[in-house]
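What follows is a short report on a single structure.
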Amino acid sequence: MKHKILSGMMLLAAVFTAACSSDDDYAASSSAVVTSITTGEASVSAISATAYGTVQDLSSLNASTYQVGTVFSTAADPTNGGTRQLGTIDEQGNVTSVINGLKEGTTYYYATFVTLQGKVTKYGDVKSFIATDADVATADATGISACKATLNGQASGISDILGSTSVGFKYATTEEGVANGSDLSLEESAATFSAVAQGLLPETTYYYAAYSQVGDGFILGNIQHFTTASQEMEYVDLGLSVLWAKCNIGAEEETEAGLTVGFGDQSFSNRSTSVNDYTPWSITATDEDFIYNLHIDGGSPMKSYIPSAAQVEELIAKTTQTAEEVNGVKGIRFTASNGNSIFLPLTTYRNGSEVTADGNGYYWTSTVSDVNEAYGKSLKLSGSASVELSSLAYGLSLRSVRPYAVITPEPGKLLVGDLENNGRIRLEIYNEYGATSGNSGISPSSIKFNNNMVVTFTITGINDNMKEGAAAYHVAGLEYSDPTWGVGYWSALEMGKYEAAITGDGTYSVWMETETAANGAIVFCIDIKDLAADAIDASKIKAEIVSIKLDADVSQAVDARPVGFQNKDGKDIDGRIEIYNEYGNGGAAAPGCYNEMSFSGLCLVDFTIKGIDNNLVSGAAGNYKTELSFADASWDPSYWGGAPYGAANVTGDGSYQVYAYLPGLCEGAVVWTIELYGLWQDLVDPSKVEVTVNSITIPGKQ
């Protein structure tokens, strides 16, 4: 889509004013806006040539009031008495003229022109070409990937042309756009030549032709085409409001600059230098967001888009930036508090077809300046990171963002009750064989994930509604299958790491993991064991789904500084792995290292312990119950062991898992340890014990 901005550059205004004898002579003179006239290259043969150029900006004039074309001559100044050949002009201001009747071996000089009202003519710069019968052939592309391809060509007869020659390729996303497309030139000429086109878009058909350049003219070979491979962009969780892509658009590695585009250019190939030909408003996550319509999200239900200026400012404010060189490429690494990071390489910027490398990096946001709509806000990397302004016509690099895959079902459509008459309470989100088949709060096709799914729900009507002797908690678990019945989770409703312990009214999370991509849902429910049977009035139990998180980041970054093995409470009986303890050694080693943590529900710790084998006293038990202890910064919620789930038995060197389920919101940590009951007293030498926390899993991260 092309949008216009009234420009202050009226190059011909003075000419019109001097030439007009009255307002009746030139009714359109005051609105004529021509910002630039450029003479481009020419595609030549022995007897004809197609000349190209640009005229910016004739949008305010009626087509009947002007003529465009090319003036040419064998004299060095074709603007003085040369032959005029009328041409055509497209919406981007590209002028094309076909010149016939040339003589082989003759040098011709040419320039683009525009004549207004048949009175005033303005010319672009003068260029030249040689009419020749030299030939160029375009060969098949090879090495095609998502963002790269090797283009191949052959040239013959170029040694007979006077002067120096060069070879290369032109390519575009349309066949008619090849002649004015991207230019991939080679420094040295050869009969057989190839070059790698980079910064391509995935799943896109490109048309290309080999060429040999003679002066400002070129011999264009036959046009071939290829289609790039698909690409699924990898995203990084920096603990911010959105996920950030690992690579630039048009790149397959984090060190590659990718492509450069003007603001809002959905064609990705506009080379106009006029801001009038770009989008003068903010385009975040709209149909005019040129990333939003790319196919780089694989099976995710969420779509990539250009970050807003606010999201870029968040990136700068909430990460640490360090200058870094990766595989010889300079850039800035943005490192988040969770330990994850992204690398943004320094890049060039482009004005028309002119590329500038000034040692900085430039990336578009999707936000236009609120002061001057001819400028957009951009990320500038120059030893540090800042948000600056760039002309909409500049071609800058792109790094995409994507929302976390969170689906919020339409409220009021969750079916709740003892739906199968088995004493369970079922939360039926979608069931192709149930009442929600035609009336669900979600689209079942939107349930797409590759790694995991976390479902958070609220439930009420439990408090003061349980029979005497009812269980202290009721196990909730997922019942899910995709339409193939090959990907799913069917909870046994025994408390495990995927289940939730329902202890009363509140908010809870259940989840699942998969090694095979899930695509859609055929059954999607949460069952709560014996809750209906234990309720005085099961009809009072109500629930709503808060969120469905797809491929959620369920990990908590581990700070290794405070982790160590020690005696619990100094009684020389129990061992303790101290993950963090504000009142112990952990707090001194890393003050406040988990202050920003916020979660509810499951907390699972995977750890490795060494130094037990061959280090136990005679008669040692050899089997030690191990539990998790945790208290948030307010000491509520907290867990101090004792539940019939979540413990492990440590029998020697190896890796183990312990977990606890903490209903309610945990903000920060004040005590976080793993207790190994009786181990300390059975060790010959406790100093030989080494511990490592391998991972911490928290599906209910906020």
Side-chain angles (χ1 to χ4, degrees), residues 406-431 434-436 439-442 447 453-480 489 491 493-512 521 523-549 552 598-603 632 634 636-639 643 645 660-667 698-702:
V406 179
I407 296 173
T408 304
E410 184 180 346
K413 291 192 173 183
L414 182 69
L415 196 58
V416 180
D418 188 359
L419 304 183
E420 296 190 322
N421 297 314
N422 56 6
R424 302 173 180 176
I425 288 293
R426 167 163 285 190
L427 281 55
E428 186 173 288
I429 303 167
Y430 175 80
N431 187 349
T436 52
N439 188 33
S440 175
I442 66 164
I447 307 301
M453 175 169 63
V454 181
V455 183
T456 300
F457 62 95
T458 59
I459 191 165
T460 59
I462 298 176
N463 295 351
D464 302 322
N465 189 29
M466 291 292 102
K467 297 175 182 176
E468 186 176 352
Y473 66 89
H474 295 82
V475 180
L478 272 175
E479 315 288 0
Y480 165 81
Y489 180 76
S491 177
L493 297 183
E494 299 294 335
M495 193 62 195
K497 70 176 184 179
Y498 298 121
E499 280 68 43
I502 309 300
T503 56
D505 294 359
T507 301
Y508 300 88
S509 294
V510 292
W511 70 301
M512 63 169 285
V523 175
F524 190 9
C525 307
I526 299 171
D527 280 346
I528 308 175
K529 185 178 180 179
D530 296 334
L531 183 57
D534 282 352
I536 298 171
D537 183 355
S539 67
K540 291 183 178 180
I541 298 174
K542 309 294 182 184
E544 285 291 351
I545 303 298
V546 176
S547 65
I548 302 169
K549 295 181 181 179
S598 179
F599 74 98
S600 62
L602 177 76
C603 175
D632 88 336
S634 67
D636 182 23
S638 64
Y639 176 75
Y645 56 84
Y661 196 90
L662 294 122
L665 181 62
C666 298
E667 295 184 298
I698 303 179
K701 286 172 65 173
Q702 303 298 307

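Here the side chain of Glu544 pairs a donor or acceptor atom with the backbone of Gly412 at under 3.5 angstrom. With Glu420 contributing its side chain and Asp418 its backbone, the two residues share no donor-acceptor pair below 3.5 Å. Judged purely by atom type and a 3.5 angstrom limit, Trp511 uses its side chain to pair as donor or acceptor with the backbone of Lys497. Of the possible polar contacts, one joining the Asn465 side chain to the Asp537 backbone as a donor-acceptor pair under 3.5 Å is found. Asn463 contributes a side-chain N or O that, together with a main-chain N or O of Asp505, makes up a donor-acceptor pair within less than 3.5 Å.
By the 4.5 Å heavy-atom criterion applied to side chains, Ile502 and Val475 are not counted as neighbours. In this structure, Tyr661 and Met495 have side chains that are in contact, with non-hydrogen atoms separated by less than 4.5 Å. Residues Tyr508 and Thr503 have side chains in contact (heavy-atom distance under 4.5 Å, counting atoms from C-beta outward). Counting only heavy atoms from C-beta outward, the side chains of Arg424 and Leu493 approach each other to under 4.5 Å. Residues Ile548 and Met453 meet the side-chain proximity criterion, which asks for heavy atoms closer than 4.5 Å. Considering only heavy atoms from C-beta on, Lys467 stays 4.5 Å or farther from Asp534 through its side chain. For the pair Thr460 and Ile541, the minimum side-chain heavy-atom distance is 4.5 Å or more.
What you find for Pro699 and Val454 is that their closest heavy atoms are O-CG1, 3.7 Å. Of all heavy-atom pairs between Thr436 and Lys413, the closest is CG2-O, 4.1 Å. What you find for Ile407 and Ile442 is that their closest heavy atoms are CG2-CG2, 4.3 Å. For the pair Tyr498 and Met512, the tightest heavy-atom approach, listed with the atom from each and the gap, is CD2-CA, 3.9 Å. The minimum heavy-atom distance between Ala543 and Leu427, with the atom names listed, is CB-CD2, 3.7 Å. For Ala476 against Val510, the heavy-atom pair with the smallest separation is O-CG1, 3.4 Å.
Between Arg426 and Asp527 there is a salt bridge, since a side-chain N of the basic residue sits under 4.0 Å from a carboxylate O of the acidic one.
Summarising the geometry, atom NZ belonging to Lys529 is positioned 11.0 Å from atom CG belonging to Asn422; distances are rounded to the nearest 0.5 Å. Going from atom CG of Asn439 over to atom CG of Leu415 covers 9.0 Å, rounded to the nearest 0.5 Å. Annotation: the span from Lys540 atom NZ to Ile462 atom CD1 amounts to 13.5 Å, rounded to 0.5 Å. How far NZ of Lys549 is from OG1 of Thr408: 10.0 Å, rounded to the nearest 0.5 Å.
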Problem set entry | Tyr480 and Ile447: CA distance, side-chain angles, deciding distance, side-chain contact (heavy atoms from CB on, under 4.5 Å) verdict | CA-CA 11 Å; Tyr480 165 81; Ile447 307 301; 4.1 Å; yes
Problem set entry | Val455 vs Phe524, side-chain contact (heavy atoms from CB on, under 4.5 Å): CA-CA, chis, key distance, verdict | CA-CA 10 Å; Val455 183; Phe524 190 9; 3.8 Å; yes
Problem set entry | CA sep, side-chain torsions, deciding dist, call: Ile459, Leu531, side-chain contact (heavy atoms from CB on, under 4.5 Å) | CA-CA 12 Å; Ile459 191 165; Leu531 183 57; 4.0 Å; yes
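Applying the ring pair (Phe, Tyr, Trp, His ring centres under 6.0 Å) criterion to Tyr639, with sequence neighbours excluded, gives no partner residue.
A side-chain donor-acceptor contact under 3.5 Å links Ser634 and Asp632. Between the side chains of Ser509 and Thr456, a donor-acceptor pair is found at a separation under 3.5 Å.
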